[in-house]
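Here's the structure we're looking at; comments come further down.
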Amino acid sequence: QVQLVEAGGGLVQAGGSLRLSCATSRLTFRNYAMAWFRQAPGKEREFVATINWTGTNTIYTDSVKGRFTISRDNAENKVYLQMNSLKPEDTAVYYCAAVRLLFGKRSVKDYDYWGQGTQVTVSS
């Protein structure tokens, strides 16, 4: 019954910005570390960023450091991914994921719940 729903994807030019959101339901949100993954056509799903249950610690994959920021709003039970200076290689379906209590996991197999994804396309 747990649901994660992503929103905010779209088509942007290189150098532009997007802000993705993930709304949760039937989830004790404050007890979960949250993460963003992405999957480009023909590629495996890869880790992007994660944030612990209090929002005090974050981890990013090297390719997005300095450009992307993950954050969470525990009052609204939402997690966000602010994406700046977007590049064509950022084009992918972006997925929101959750794991109870744990933090720092970077593999898809470690996460308990997933959203359906939102498409991000960056044109050059």
Side-chain angles (χ1 to χ4, degrees):
Q1 292 186 317
V2 172
Q3 292 185 326
L4 309 178
V5 180
E6 302 94 336
L11 175 64
V12 298
Q13 292 181 275
S17 298
L18 284 174
R19 184 175 177 84
L20 307 183
S21 64
C22 173
T24 70
S25 64
R26 300 186 182 276
L27 183 72
T28 307
F29 187 73
R30 65 181 178 86
N31 292 333
Y32 283 77
M34 304 295 297
W36 289 95
F37 288 74
R38 65 187 181 186
Q39 187 167 22
K43 297 182 179 180
E44 295 186 349
R45 195 169 300 185
E46 66 173 349
F47 170 80
V48 176
T50 186
I51 187 167
N52 74 335
W53 47 96
T54 61
T56 56
N57 292 288
T58 58
I59 299 173
Y60 299 89
T61 193
D62 286 345
S63 64
V64 308
K65 287 180 179 177
R67 300 189 298 121
F68 291 10
T69 302
I70 187 172
S71 62
R72 66 191 296 158
D73 184 340
N74 287 354
E76 296 289 336
N77 295 336
K78 291 182 178 180
V79 63
Y80 301 92
L81 186 68
Q82 178 67 47
M83 305 185 294
N84 299 326
S85 302
L86 283 162
K87 304 174 181 179
E89 51 263 45
D90 295 318
T91 295
V93 176
Y94 283 71
Y95 296 90
C96 179
V99 58
R100 186 171 182 268
L101 300 180
L102 303 179
F103 171 68
K105 301 296 184 180
R106 301 170 68 105
S107 298
V108 295
K109 67 180 187 300
D110 295 319
Y111 285 81
D112 300 319
Y113 303 107
W114 293 86
Q116 293 299 113
T118 185
Q119 177 71 50
V120 172
T121 302
V122 184
S123 62
S124 60

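Looking at F68 and L86, their side chains come closer than 4.5 Å, going by heavy atoms from C-beta outward. The shortest side-chain heavy-atom distance between V99 and T50 does not fall under the 4.5 Å cut-off. Side-chain contact between R38 and V120: absent, with no pair of heavy atoms (C-beta onward) separated by less than 4.5 Å. Using a 4.5 Å cut-off on side-chain heavy atoms (C-beta onward), E44 and V108 make no contact. Taking 4.5 Å as the limit, some side-chain heavy atom of I70 sits within range of a side-chain heavy atom of V79.
Hydrophobic clustering keeps Y95 apart from I51 (ILVMFWY residues linked when any side-chain heavy atoms are closer than 4.5 Å, directly or through intermediates).
T91 contributes a side-chain N or O that, together with a main-chain N or O of V122, makes up a donor-acceptor pair within less than 3.5 Å. For E6 (side chain) and C96 (main-chain N/O), a donor-acceptor pair under 3.5 Å exists by modelled atom type. A donor-acceptor contact shorter than 3.5 Å links the side chain of N52 to the backbone of N57. When atom types are taken as modelled, the side chain of Y80 and the backbone of T69 share no donor-acceptor pair closer than 3.5 angstrom. In this structure, the side chain of S85 does not engage the main chain of R67 through any donor-acceptor pair within 3.5 Å.
Between F37 and F47, the two ring planes are perpendicular [angle over 60°; tilted spans 30° to 60°]. Using cut-offs of 30° and 60° on the angle between ring planes, the pair Y32 and Y113 is tilted.
Residues A14 and S124 share a closest heavy-atom pair of CB-CA, 4.4 Å. Contact detail for A92 and A40: the closest heavy-atom pair is CB-N, 3.8 Å. Nearest heavy atom pair, residue L81 against residue W36, reads CB-NE1, 3.5 Å. Closest of all the heavy-atom pairs between A97 and Y111 is CB-CD2, 3.7 Å. Across every non-hydrogen atom of R106 and D110, the tightest pair is N-OD2, 4.3 Å.
With values rounded to the nearest 0.5 angstrom, D90 atom CG is found 7.0 Å from S63 atom OG. If you take CZ on R72 and OG1 on T56, they are separated by 9.5 Å, rounding to the nearest 0.5 Å. Taking OG1 of T118 as the reference point, atom CG of L18 lies at 8.5 Å (rounded to 0.5 Å). Summarising the geometry, atom CD belonging to Q116 is positioned 9.5 Å from atom CD belonging to Q3; distances are rounded to the nearest 0.5 Å. Within the model, atoms CE of M34 and CZ of F103 stand 13.0 Å from one another, a figure rounded to the nearest 0.5 Å. Taking NZ from K105 and CG from D112, the interatomic distance works out to 11.0 Å, rounded to the nearest 0.5 Å.
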Set out, in order, the CA-CA distance, both residues' side-chain angles and the distance that settles side chain to side chain contact (heavy atoms under 4.5 Å, CB included) for E46 and T61, then state yes or no. CA-CA 9 Å; E46 66 173 349; T61 193; 5.7 Å; no
Evaluate the side chain to side chain contact (heavy atoms under 4.5 Å, CB included) criterion for residues M83 and V48: first the C-alpha distance (whole Å), next the side-chain angles of each, then the deciding distance (0.1 Å), finally the verdict. CA-CA 11 Å; M83 305 185 294; V48 176; over 6 Å; no
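Here D62 pairs with K65 in a salt bridge; the nearest charged N to carboxylate O distance falls below 4.0 Å.
Each of L11, V93, V12 was checked for a side-chain contact (heavy atoms from CB on, under 4.5 Å) with T121, and the lone residue meeting it is L11.
The environment of R100 atom CZ is sparse: at most 12 non-hydrogen atoms of other residues, nucleotides or ligands sit within 6.0 angstrom.
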